[in-house]
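The block underneath contains the structure these notes are about, expressed in structure tokens.
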Amino acid sequence: MKELIERLNAPEKEQRLAALREIVEKETEKPEKRHNDANNHIHTIYSFSPYSPTKAAYMAYLSGLTSAGIMDHDSLSGCDEFRKACRILGIGATCGVEVRVKFDKGFGNMNHPDQANCFYMAAHGVPAQNVDKFNAYLEPFRQKRYERDEKMCRLISEKFGKFGIELDFERDVLPISEAKDGGSVTERHLLFALAGKLAERFGRSEELIAFLTEDLGLAVSGKVRAYLLDPENPHFLYDLLGVLKADTGFFYIDADEELPTAEDFVKKAHEFGAITAYAYLGDVGESVTGDKKAQKFEDAFLPELIAELKKLGILAIAYMPTRNTPEQLERLRALCRENELFEISGEDINSSRQIFACKALAKPEFANLIDATWALIGHEAISTEKGEEYGMFAPRTVAEEPDLYKRVKKYALIGAKTI
């Protein structure tokens, strides 16, 4: 079985799906189902992740999830495979894409740690018939991102060249991405490639810790230090990437041409039948999860920002219950209700150390997020079967049932019937 599981990350999609079918056929015991759990924000190899779409679906299934949602940066290239994998596993599936959009309204930094006047936005529930068209719309933005990636590689080489470490985009970065098959290349790819170079140079040693803390001036907590020195740590490169990502200032170049405007993206996403969502980050003081540095984001101007998002036509707010304090979540959820914004949950998965389950969703106050997940699945299913005009936010649907919360319940029932 171990060999079959490894094949879930095989080079070709059909190899991966064939391995999954064989696993299901040989399975003698099914995971215990977590009906009060969901994850609609799982990254795959088509952006940055240790998981192919097939393996991502399988990891969600192993965690007991009864549904799963793909959410890659700038790419929908993994959607078909992901849907097929979820069908094999008998779990619900929803597909979307995460992009950064230009939005200069004087707010400065919103949910993007490295750049002001732009924000991360998700388009959830893309109907199957529109995936290729949506992906074609995104292709020019991916190409512009590759150009910026190459420039950032040169800046990394300038900083690390004195240590005998250089990073080449074509040689070191592209091969660890799925750019050839319509995937994106993110800053995490660059840092993962750099982590590999540092591992070759220093190994899992005190010399590596000294290099990070003394030469680079990066903070390494006691917990992370233990991870980096552990010879059996299977997540070593991801842990090292996490340390490097704490300071991107030396190589980060502001994105420009690779970003659509918020107005254009909302319009296009709605044409393609998707549900647009702002991805709430929230100020970080003492990090709830222990992996964020203290930083201010959108909390100081959240009501004003949400008012502008409503003007744009954005339909939802996506947030992660384990990433914020109860006070932040209570305030955000109240604003969502006040502004009739659909609430979506998803724990950002892009590292082998992360778990797919979200225990927080079992709390009664988050029951609406389970309904929301099945409503997303229902929206996607009926929009695929009958057309975008039957989607949850389509004009005819809203006219028939203006109450958002009643619509969510209706579409959740549709979604539940897909498995």
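All figures in this text were calculated on a predicted structure; none of them were measured in a lab.
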What's the shortest heavy-atom distance between [X] and [Y], and which atoms?
{"X": "Leu329", "Y": "Pro321", "value": "CD1-O, 3.6 Å"}
{"X": "Ala19", "Y": "Arg7", "value": "CB-CB, 3.7 Å"}
{"X": "Tyr238", "Y": "Asn350", "value": "CE2-O, 3.9 Å"}
{"X": "Ala60", "Y": "Ala68", "value": "CB-CB, 3.7 Å"}

Which of parallel (below 30°), tilted (30 to 60°) and perpendicular (above 60°) describes [X] and [Y]?
{"X": "His73", "Y": "His43", "value": "parallel"}
{"X": "Tyr137", "Y": "Phe141", "value": "perpendicular"}
{"X": "Phe119", "Y": "Tyr278", "value": "perpendicular"}

Side chains of [Y] and [X]: any donor to acceptor distance under 3.5 Å?
{"X": "Glu388", "Y": "Ser383", "answer": "no"}
{"X": "Glu139", "Y": "Gln143", "answer": "yes"}
{"X": "Glu347", "Y": "Thr322", "answer": "yes"}
{"X": "Ser77", "Y": "Asp181", "answer": "no"}

- prompt: If you count the non-hydrogen atoms of other residues, nucleotides and ligands that lie under 6.0 Å from NZ in Lys406, is the total more than 12?
  reply: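 For Lys406, atom NZ is not crowded (no more than 12 foreign heavy atoms under 6.0 Å).
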
message: For Lys102, is the NZ atom crowded, meaning more than 12 foreign heavy atoms sit under 6.0 Å from it?
response: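 Enclosed.
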
field: Partner of Glu81 by salt bridge (Lys or Arg N to Asp or Glu O under 4.0 Å), out of Lys13, Arg16, Arg87
entry: Arg16

Charged tip of Arg396 within 45° of Tyr390 ring normal and under 6.0 Å: yes

message: Could you check whether Arg353 makes a cation-pi contact with Phe236, meaning its NZ or CZ is under 6.0 Å from the centre of the six-membered ring and within 45° of the ring axis?
response: no

message: For residues 395-418, which residue pairs pass the ring-ring contact (aromatic ring centres under 6.0 Å, His included) check, not counting sequence neighbours?
response: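 Listed by first then second residue: nothing to list.
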
SB check Glu150 Arg148 (cutoff 4.0 Å): no

query: Short question: side chain of Ser67, backbone of Gly92 - any donor-acceptor pair under 3.5 Å?
result: no

